[in-house]
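A short write-up of the structure that comes next.
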Amino acid sequence: MQEKGIISTNQFIWMLFIIITSVPNFLAPEFLIMIAGRDAWLSVIGGWFLDVLLALIYAYMGIRFFGQNFVQYSITILGKYMGRIVGMLFPLFFLLVCTLLMSGLCQLIKAMFLPKTPYEIILISGFILIGYAARNGIEVNGRVAEIIGPVYLLSLVVLSLLLMPNVEISRLKPQFDHGVYPFLIGSPFILTFFGICIMMAMFIPLCNRPENGFLAKFTAVSMGAYMIGSIVVLSVAAFGFEQVQNMLNPGLMLSRLVNIGHFWERVEIIWMVIAVGSGILASAVMIWAFSLGLSQIVGLSDYKPLVYPAVLISVVNSLTSFDNNIELANFIHYTFPVIAVFVEAGLEIFLFVMALVLNKHSGHS
Amino acid sequence: MLTFLILAVIFIFLTDGAALVKKKQWRELSTLGLLIGIAIFLVIANRFEIPTPVDGLQTLFRPVGEVIFEPHDYRYN
């Protein structure tokens with residue numbers, strides 16, 4: 001049995017929102033500010049715009065190949081062999097993102113909250129939850145996203161309000177102080193993190209209203225960009241961009257600043273609980289997508305037996321690939337964006353062009 | 001790491017592998033075996049310092065990333 005779950009448009013939006021927000025929140029803001037400086041928030045807007053353009057292609061392909069995700073329509077467009085090779089790159093990309101997200105998340109937890117706990121224990125604990133969640137299928141994750149998503153969004157709104165006394169907007173000025181180059185490079189950089197919501201191509205065939213694919217993506221990416229943009233603006237306005245680029249996680253540092261009358265303080269653990277929940281859900285969806293994609297490529301009757309081995313690969317990859325935080329940071333800063341642009345934009349545009357040239361479609365009206 | 005890997009493989013075989021053998025779903029079983037094999041390879045590669053796929057990605061894509069996403073120098077001249 002392949003995935004038989006059906007998700008509503010609402011669940012589609014919240015799952016995408018959690019993916020769009022969790023991955024950049026844990027991995028990207030400090031690097032974005034390093035690249036774009038004070039103009040980082042403008043880069044977030046630029047990244048949002050580019051991502052919406054990309055969403056048009058994904059939504060169009062979802063309708064053209066009705067009932068198929070990108071792994072399946074790769075095979076429809078390019079044939080049995082080439083299609084499988086190209087289609088396999090999407091699930092592999094999701095596995096890589098899951099590895100990076102969990103490595104970043106667990107290194108943050110170790111550095112900030114559990115310095116004496118071995119990294120392996122934190123990582124494996126997280127992955128046990130991920131395996132359990134991914135095995136329960138997309139419907140269960142969709143329902144969880146409907147609960148966690150609004151809480152995550154609301155937590156940022158509350159955080160923004162509580163941080164108002166610490167914020168100095170003059171730190172965001174002047175804009176384009178070093179020309180437009182930092183902004184122009186920052187936009188595609190953050191796009192590569194927003195672009196992980198190419199996951200929409202896995203959701204569209206399972207959505208009860210596939211024609212809402214673009215609307216769902218637009219809503220999710222707009223909320224996600226608002227959230228990441230807010231974190232960038234608040235952290236630059238609170239700390240100054242020179243300091244933020246050396247921080248481990250600006251969102252967490254912002255929550256540490258909250259102090260209302262020496263009574264309401266140390267709220268970072270609340271923020272972290274919500275953010276970790278979202279991170280685990282996002283990783284679970286990645287593992288689900290990898291298992292489902294691989295099972296479709298190999299032609300299996302069920303994807304669930306692949307979930308635990310996928311989790312095992314991701315754990316081992318996290319433990320063996322990055323010996324320390326610096327190696328992970330360098331990979332996220334320099335290597336990941338290039339891979340992401342290649343997969344998120346390059347491959348999908350290639351499939352889009354090939355579908356037009358070869359006049360391929362799923363045959364459904 | 002090795003202990004964890006052995007425990008994980010036993011767990012996976014007990015939860016999924018045995019059921020697949022019983023149902024004679026050989027293709028599913030071989031895919032599962034392949035994924036476990038990849039995990040074992042990664043552990044061995046780490047032990048003997050053989051380059052892993054992530055190292056390959058770094059070698060291939062990092063030079064490009066370093067050119068494009070180099071942090072801007074914000075110091076004033």
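We name chains A, B, ... by the order of the sequence lines, and we start the count at 1 in each one.
A centroid separation of less than 6.0 Å is found between the aromatic rings of B/Phe11 and A/Tyr308.
Among A/Arg135, A/Glu120, A/Glu242, the residue making the largest number of heavy-atom pairs under 4.5 Å with chain B is A/Arg135. Chosen from A/Pro188, A/Gly131, A/Gly299, A/Ala310, the residue pairing most often with chain B at heavy-atom distances under 4.5 Å is A/Gly299. Contact count against chain A (heavy-atom pairs under 4.5 Å) is highest for B/Asp16 among B/Asp16, B/Leu57, B/Thr15. The candidate with the highest count of non-hydrogen atom pairs below 4.5 Å against chain B, out of A/Phe31, A/Phe189, A/Phe336, is A/Phe189.
Annotation: salt bridge (charged side-chain N to carboxylate O under 4.0 Å, His left out) contacts of A/Glu168 (sequence neighbours excluded): A/Arg171. A/Phe26 is linked by a ring pair (Phe, Tyr, Trp, His ring centres under 6.0 Å) to nothing, counting only residues two or more places apart in sequence or in another chain.
Contact annotation: the side chain of B/Leu5 approaches that of A/Leu312 to within less than 4.5 Å [non-hydrogen atoms, C-beta and beyond]. B/Phe61 places none of its side-chain heavy atoms less than 4.5 Å from the side chain of A/Val341. Residues B/Leu35 and A/Leu294 are in side-chain contact: their nearest non-hydrogen atoms beyond the backbone lie under 4.5 Å apart.
To the nearest 0.5 Å, atoms OG (A/Ser321) and CG (B/Leu42) are separated by 6.5 Å. From B/Glu70, atom CD reaches atom CE of A/Met34 across 10.0 Å, with rounding to the nearest 0.5 Å. Within the model, atoms OG1 of B/Thr52 and CG of A/Asn317 stand 6.5 Å from one another, a figure rounded to the nearest 0.5 Å. Taking CD1 of A/Ile124 as the reference point, atom CZ of B/Phe4 lies at 4.0 Å (rounded to 0.5 Å).
The two residues A/Pro305 and B/Leu32 have their closest heavy-atom pair at O-CD1, 3.2 Å. Of all heavy-atom pairs spanning A/Thr335 and B/Gln58, the tightest one is OG1-OE1, 3.2 Å.
The side chain to side chain contact (heavy atoms under 4.5 Å, CB included) with A/Ile313 is formed by just one residue from the set B/Ile36, B/Ile38, B/Ile40; it is B/Ile38.
There is no contact between A/Phe127 and chain B, counting heavy-atom distances below 4.5 Å. Residue contact with chain A, scored on non-hydrogen atoms closer than 4.5 Å, involves the backbone and the side chain of B/Ile68 alike. At a 4.5 Å heavy-atom cutoff, B/Phe41 makes no contact with chain A through either its backbone or its side chain. Looking at A/Val315, only its side chain comes within 4.5 Å of chain B, counting heavy atoms on both sides.
Of all residues in residues 19-27 of chain B, those placing a non-hydrogen atom less than 4.5 angstrom from a non-hydrogen atom of chain A are B/Leu20, B/Gln25, B/Arg27.
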Exercise. Give the C-alpha distance, both sets of side-chain angles, the deciding distance and a yes or no for side-chain contact (heavy atoms from CB on, under 4.5 Å) between B/Arg62 and A/Val338.
Key: CA-CA 8 Å; B/Arg62 190 172 164 164; A/Val338 185; over 6 Å; no
Under 3.5 Å, side-chain donor or acceptor atoms of residues 87-100 of chain A against the rest of the protein: list the pairs with distances, not counting sequence neighbours.
from: A/Thr99; atom 1: OG1; to: A/Leu95; atom 2: O; distance (Å): 2.9
from: A/Thr99; atom 1: OG1; to: A/Ser314; atom 2: OG; distance (Å): 3.0

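The backbone N or O of A/Tyr334 lies less than 3.5 Å from no partner atom in the side chain of B/Glu66, so there is not a single donor-acceptor pair.
Counting non-hydrogen atoms of neighbouring residues, nucleotides and ligands closer than 6.0 angstrom, the CZ atom of A/Phe342 reaches no more than 12 such neighbours.
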